[in-house]
Amino acid sequence: MTDYDHQAIEKSWQERWEAEGLYHADVDWSRPKHYALTMLPYPSGDFHIGHWYAMSPSDARARYMRMKGYNVLFPMGFDAFGLPAENAAVQRNIHPAKWTADRIERMRGQLRSMGAMFDWRREAVSSDPDYYTWTEWLFKRLYEHDLAYRGEALVNWSPTLQTVLANEQVIDGKDERTGQPVVQRLMEQWFFAITNYADELLRYDGIDWPEAIRTMQTNWIGRSEGAEVTFTTEHGDEIRVFTTRPDTLWGATFMVLAPEHPLVDSLTSADQREAVDTYREQAGRRTELERMEESREKTGVFTGGYAVNPVNGERIPVWIADYVLLSYGTGAIMAVPAHDQRDFEFARHFGLDIVPVIRPEGEEPLVADEMTESYVGPGAMVSSGPIDGTETSDAKGRANPSIAATIDWLEANGAGVESINYRLRDWLISRQRYWGSPIPMIHRQDGVIEPVPDEDLPVILPEDVEFHGRSPLAEYEPFYAATDSEGQPARRETDTLDTFMCSSWYWFRYLSPHYPDGPFDAEEAAYWLPVDTYTGGSEHAVMHLLYARFFVKAMRDMGVFADTERLMREHGKNPAGAFDEPFMMLRNQGQILGEERDGDVVVVQGERTGNKVMATSVTVDPDARPHAGTVVGELVRRTENLLQVASDGGLVTVEVPDTATVDIAAIPGTNDVTQLRHHLEVQRMSKSKGNVVNPDDLVEQYGADTVRTYLMFAFEWQKGGPWDSRGILGARRFIEDVWKLATAEYTPSRPNPDATAKLRRSVHQTIAKVGADLEEFKFNTAVAALMALRNDIQEGRRGEDVTPEAWDEAVETLLLLLAPIAPHVTEELWHRRGHDESIHLQAWPQSDAEVARVETVTMVIQVDGKVRDRVEVPAAISEEEAIEVALASERVQGYLDGGEPRTVVARPPKIVNVVL
RNA sequence: GCCGGGAUGGCGAAAUUGGUAGACGCGACGGACUCAAAAUCCGUUGGGCGCAAGCCCGUGGGGGUUCGAGUCCCCCUCCCGGUACCA
């Protein structure tokens with residue numbers, strides 16, 4: 001037993017740190033700065049172990065940087081606007097402001113229990129007028145620079161949420177938050193012109209971000225190079241199409257328009273009118289989700305109209321089909337069935353012409369009737385007029401000779417132009433909801449829209465409104481009744497801003513959360529910006545992280561940083577590149593999953609051969625009766641579709657083929673093998689599954705230091721993994737061991753130089769190892785190294801053979817290296833050992849290379865690549881000596897059997913390989 | 001389908017980037033302490049063979065490069081994440 005009382009220690013240090021302002025970070029131009037940022041939480045009400053997993057390692061690294069001599073800013077705040085608060089108002093009659101404030105208060109307490117080095121003076125809450133004044137102000141600046149505009153577009157409307165959503169917030173036709181389907185509607189809304197920055201957003205110059213995030217953003221932006229070609233209808237209307245393969249224009253045999261395309265009406269012939277109207281009506285009624293759930297069988301109707309292909313004057317039919325989307329490209333395509341798989345399927349389905357225009361490399365020419373799929377490979381252009389015979393490769397855009405030749409021809413003949421198209425749409429920013437930042441705009445009676453003057457900002461969100469599931473603002477006269485710049489009655493904008501806008505600039509507000517003259521104090525910004533490290537989840541790859549990049553670029557171009565840049569220069573800091581990107585380094589943590597459960601009772605029917613069973617049916621039910629079943633027992637392990645079941649008759653391997661019927665008591669409805677796999681393995685934490693790990697309970701039971709240490713130790717941080725309630729005991733034991741060592745009386749009975757040197761070597765190696773690991777976010781190996789040092793110190797204690805000086809050095813170094821990870825217990829022990837100043841103000845220990853150096857190493861001797869012997873040799877051994885030692889080995893001699901080795905490869909002092 | 005990341009003991013994981021596979025921890029097993037249990041302490045722990053010295057096998061599967069491959073190259077299987085009639 002120790003007198004380690006984590007509850008008392010953690011509480012008292014948290015209070016003392018707060019009272020002393022230990023973590024206050026202030027501008028100090030004489031010191032290098034480090035701005036460490038972790039994604040701000042939404043005030044959901046309760047901290048999840050996932051928050052701890054994201055934040056406490058980030059805190060450890062920020063603390064490490066502080067000990068390395070940086071002036072570190074590590075702020076915290078709340079992303080406080082959003083729908084859940086509004087729902088609470090509807091369902092429980094609690095005002096969103098109160099709901100939010102209560103939750104923030106509770107979460108602040110939980111955050112404090114983590115013992116992180118947050119500078120609470122810099123806390124920012126996005127729903128405070130202090131904050132959203134500047135969200136509104138930024139909206140106005142964007143409006144003034146034509147980066148915010150009102151426009152009509154086909155948008156995602158969520159009937160569930162009663163609001164429109166940005167493309168980024170719709171996944172698989174369902175809204176990102178609730179998973180409910182969205183529908184497409186043509187509506188007039190507010191947008192941010194993020195597409196103006198598409199090309200710049202594709203560049204990631206100077207930033208150290210995970211490859212995966214950059215790829216996701218690149219794919220989301222979806223740049224494609226090609227040409228825009230103009231076809232002409234029989235009525236003389238122009239139909240513009242975007243294509244990445246203009247070289248196949250001579251193979252275009254029909255056109256397809258999106259059902260909502262504006263030219264559909266004029267194209268439609270009288271006899272096709274009814275069919276077209278029916279199809280359009282059906283398409284409009286279906287949600288994105290329904291469209292995707294239906295088979296991939298192509299549907300569509302002929303309009304009865306024709307258009308002329310500008311390259312050859314051919315008259316081709318115009319169809320409508322829902323595989324062409326109004327929101328992408330021009331909403332119309334030329335169809336080249338021979339060389340595009342979707343067009344091919346459509347043509348086959350409706351019996352349309354297929355004309356090959358590429359002769360595959362080294363093969364016979366394609367014959368339309370014999371084709372079973374489109375051909376998209378390289379070859380030579382055929383039946384293509386002016387570009388006949390031109391080579392075509394797999395390259396995209398002008399890099400492909402046939403495409404380059406076609407673009408030149410199109411431009412010379414006025415039939416089309418080179419064009420680049422993006423998948424990225426402008427960011428739809430308005431929401432028909434209450435609990436968000438107001439949009440500071442006024443609709444005049446004459447239809448003109450004008451901004452609220454700066455001196456009238458902020459537009460305050462009124463409190464005494466009624467909640468009923470839709471935005472109350474549009475029905476609340478005291479809010480919407482306004483006066484325009486000419487004193488005329490007008491209507492205030494009642495939509496509010498997407499909460500992603502609030503989180504697109506919050507790290508600037510942290511710098512000076514109460515600064516009254518701008519979104520941030522330029523002096524603070526000049527010193528702290530840009531953010532050096534940013535940590536958080538990768539789920540924000542194409543939302544928050546893309547918006548944040550857009551915002552800083554737009555702010556830069558609008559001159560918002562002009563004063564900041566001037567101040568940077570005055571202080572001798574080069575502003576170049578400081579406002580091109582928000583976060584210089586980004587690292588994503590993984591996810592903590594629910595605890596791996598065992599104890600599932602499995603009942604299997606099937607054919608048994610020995611201890612193997614081919615299942616025909618599998619039932620998972622904790623209350624399963626031990627009756628008829630080929631095998632009844634407890635699941636021990638599963639890999640793929642193989643289950644290991646411990647039954648009365650011993651361990652049985654059960655194979656579950658796709659054809660087996662599966663019944664899982666916990667999951668209603670018909671189940672399948674996939675569900676079985678997921679159910680029997682780990683899963684996400686959720687209240688309904690009853691596997692949520694509550695950090696508050698863990699902190700009470702084990703202490704924050706133990707929880708932090710365990711979270712950093714147990715997983716590769718970027719990866720995460722299933723919670724293990726037994727694993728945390730190892731972290732607790734480690735902390736207790738540190739306590740014991742640091743409070744022990746140590747008087748050696750037989751100090752000797754060898755043991756002393758050995759311990760000191762370990763200490764200095766550990767300093768280097770832990771520092772390097774924390775630098776690279778490798779928290780698990782950093783903790784492992786500290787545990788190994790603990791083991792070495794314990795060995796010294798048992799042997800009583802290291803000098804008191806080496807002992808003290810080892811123990812205190814252990815405390816210093818552990819301080820960023822377990823801040824409370826190390827602080828306590830540091831003081832108990834007679835230090836007055838906080839351990840968190842100490843410098844990171846220096847590793848003495850001389851002390852850390854090993855004098856002898858174990859050299860491996862291989863014979864034909866197999867390890868046959870190990871010999872202790874001086875670390876500085878020469879190649880000749882190494883070979884000599886290796887050949888002198890008895891084991892090697894035995895293999896040589898008197899003969900000579902064919903060759904010997906030596907990499908002293910690591911390895912010598914003797915090849916027979 | 002496409003893009004990205006993976007697959008290493010019973011489990012979480014290490015491995016200086018081509019050089020002792022399994023550090024560190026969990027669990028398990030054996031022992032000490034205890035009337036007993038927990039806690040704690042000591043030890044063992046990839047699999048197989050062997051009394052032992054030791055030998056063989058082993059990083060999802062199959063090939064290859066190399067004196068030497070978890071690591072590099074080619075092919076395949078599976079898992080996780082993202083994304084999808086994107087013209």
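Naming convention: chains lettered A, B, ... in sequence-line order (proteins, then strands); numbering from 1 in each chain.
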Fill in: Separation between the C1' atoms of B:A23 and B:G9, rounded to whole Å
14 Å

Worksheet entry | Exam field: side chain A:Asp247 to backbone A:Ser402, donor-acceptor pair closer than 3.5 Å | no

Worksheet, complete the sentence: From the candidates B:A14, B:A21, B:C85, the one with an atom nearest any side-chain atom of A:Asn780 is B:A14

Discussion item. For RNA chain B, which residues of residues 901-910 of chain A approach it to below 4.0 angstrom with any heavy atom?
Written reply: A:Val905, A:Arg907, A:Lys910

Response to the item:
Per nearest nucleotide of RNA chain B, the residue lying toward the 5' end, A:Gly721 or A:Ile911, is A:Gly721

Worksheet entry | Minimum-distance nucleotide to A:Lys719 side chain [options: B:C42, B:A13, B:G12] | B:A13

Discussion item. Once you apply a heavy-atom cut-off of 4.0 Å, does A:Phe254 come out as touching a base, just sugar-phosphate, or nothing?
Written reply: nothing

Item to complete: Write down the distance separating the P atoms in B:G82 and B:G70, rounded off to the nearest Å.
Response: 33 Å

Item to complete: Can you establish whether the number of heavy atoms outside A:Arg214 located under 6.0 Å from its atom CZ is more than 12?
Response: yes

Discussion item. Reading RNA chain B from 5' onward, which residue's closest nucleotide shows up sooner: A:Leu326 or A:Asn219?
Written reply: A:Asn219

Discussion item. Using atom C1' in both nucleotides, what's the gap between B:U77 and B:C29 to the nearest angstrom?
Written reply: 36 Å

Worksheet item: Which of the following nucleotides, B:C67, B:C24, B:G12, is nearest to the side chain of A:Arg790?
Response: B:C24

Practice prompt. Using a heavy-atom cut-off of under 4.0 Å over every strand shown, decide if A:Gly300 touches base, sugar-phosphate, or nothing.
Written response: nothing

Practice prompt. Give a yes-or-no answer on whether the side chains of A:Tyr895 and A:Asp864 include a donor-acceptor pair shorter than 3.5 Å.
Written response: no

Item to complete: Output the single nucleotide from B:C56, B:G12, B:G4 whose closest atom is nearest the side chain of A:Arg868.
Response: B:C56

Practice prompt. Using the C1' atom on both, measure B:G68 against B:A53 and round to a whole Å.
Written response: 26 Å

Worksheet item: Hey, does the side chain of A:Ser847 reach the backbone of A:Ala849 with a donor-acceptor pair shorter than 3.5 angstrom?
Response: no

Practice prompt. Could you work out the separation of B:G22 and B:C11 based on their C1' atoms and round it to a whole Å?
Written response: 13 Å

Discussion item. I want to verify the glycosidic state of B:G9; is it syn or anti under the 90° rule?
Written reply: syn

Response to the item:
From the candidates B:C55, B:A23, B:G19, the one with an atom nearest any side-chain atom of A:Tyr895 is B:C55

Worksheet entry | A:Arg423 side chain, from C-beta outward: closest of B:G19, B:C86, B:A15 | B:C86

Worksheet item: Are A:Tyr702 and A:Tyr710 close enough, and set up right, to give a ring pair (Phe, Tyr, Trp, His ring centres under 6.0 Å), and what steps lead you there?
Response: CA-CA 10 Å; A:Tyr702 301 108; A:Tyr710 173 63; 9.0 Å; no

Discussion item. Students often get this wrong, so: under 4.0 angstrom with heavy atoms, is A:Arg214 touching a base, only sugar-phosphate, or nothing?
Written reply: nothing

Worksheet item: Which part of the nucleic acid, if any, lies within contact of A:Glu716, taking any heavy atom under 4.0 Å across all strands shown: a base, the sugar-phosphate backbone alone, or nothing?
Response: sugar-phosphate

Item to complete: Side chain of A:Lys866 only, please: which of B:C42, B:A84, B:C57 is the nearest?
Response: B:C57

Worksheet entry | Interatomic distance at C1', B:C73 relative to B:C2, whole Å | 23 Å

Response to the item:
Closest of B:A21, B:C67, B:C41 to the A:Asn913 side chain is B:C67

Practice prompt. Check the angle between the aromatic planes of A:Phe346 and A:Phe350 and answer parallel, tilted or perpendicular using the 30° and 60° thresholds.
Written response: tilted

Worksheet item: Do the numbers put A:Arg423 on top of the ring of A:Trp220, so that NZ or CZ is under 6.0 Å from the six-membered ring centre and no more than 45° off the axis?
Response: yes

Worksheet item: Under 4.0 angstrom, heavy atoms only, what part of the nucleic acid is A:Lys778 near: base, sugar-phosphate, or nothing?
Response: sugar-phosphate

Item to complete: Write down the distance separating the C1' atoms in B:C85 and B:U17, rounded off to the nearest Å.
Response: 43 Å

Item to complete: Check every strand shown and say whether A:Asn791 touches a base, only sugar-phosphate, or nothing at a heavy-atom separation below 4.0 Å.
Response: sugar-phosphate

Discussion item. Let's go through A:Lys758 and A:Glu795 carefully: what are the C-alpha distance in whole Å and the side-chain angles of both, what is the deciding distance for salt bridge (Lys or Arg N to Asp or Glu O under 4.0 Å) to 0.1 Å, and is it a yes or a no?
Written reply: CA-CA 11 Å; A:Lys758 190 168 161 237; A:Glu795 195 184 316; 3.0 Å; yes

Worksheet item: Reckon A:Arg425 touches a base, only the sugar-phosphate, or nothing at all at heavy-atom distances under 4.0 Å?
Response: nothing

Fill in: Syn/anti state for B:U17 [syn: chi within 90° of 0]
syn

Discussion item. Classify A:Arg223 by what it touches in the nucleic acid, base, sugar-phosphate, or nothing, heavy-atom distance under 4.0 Å.
Written reply: nothing

Discussion item. Please pick, from B:A87, B:G25, B:U20, the nucleotide with the shortest atom-to-atom distance to any side-chain atom of A:Ile333.
Written reply: B:A87

Discussion item. Please check: side-chain N/O of A:Asp869 versus main-chain N/O of A:Arg891, any donor-acceptor pairing under 3.5 Å?
Written reply: no

Discussion item. Which nucleotide wins on minimum distance to the side chain of A:Lys740, given the candidates B:C85, B:U40, B:A87?
Written reply: B:U40

Worksheet item: Looking only at atom C1', what distance separates B:G47 and B:C41, rounded to whole Å?
Response: 30 Å

Worksheet item: Who does B:U34 pair with, Watson-Crick or G-U, both distances under 3.5 Å?
Response: none

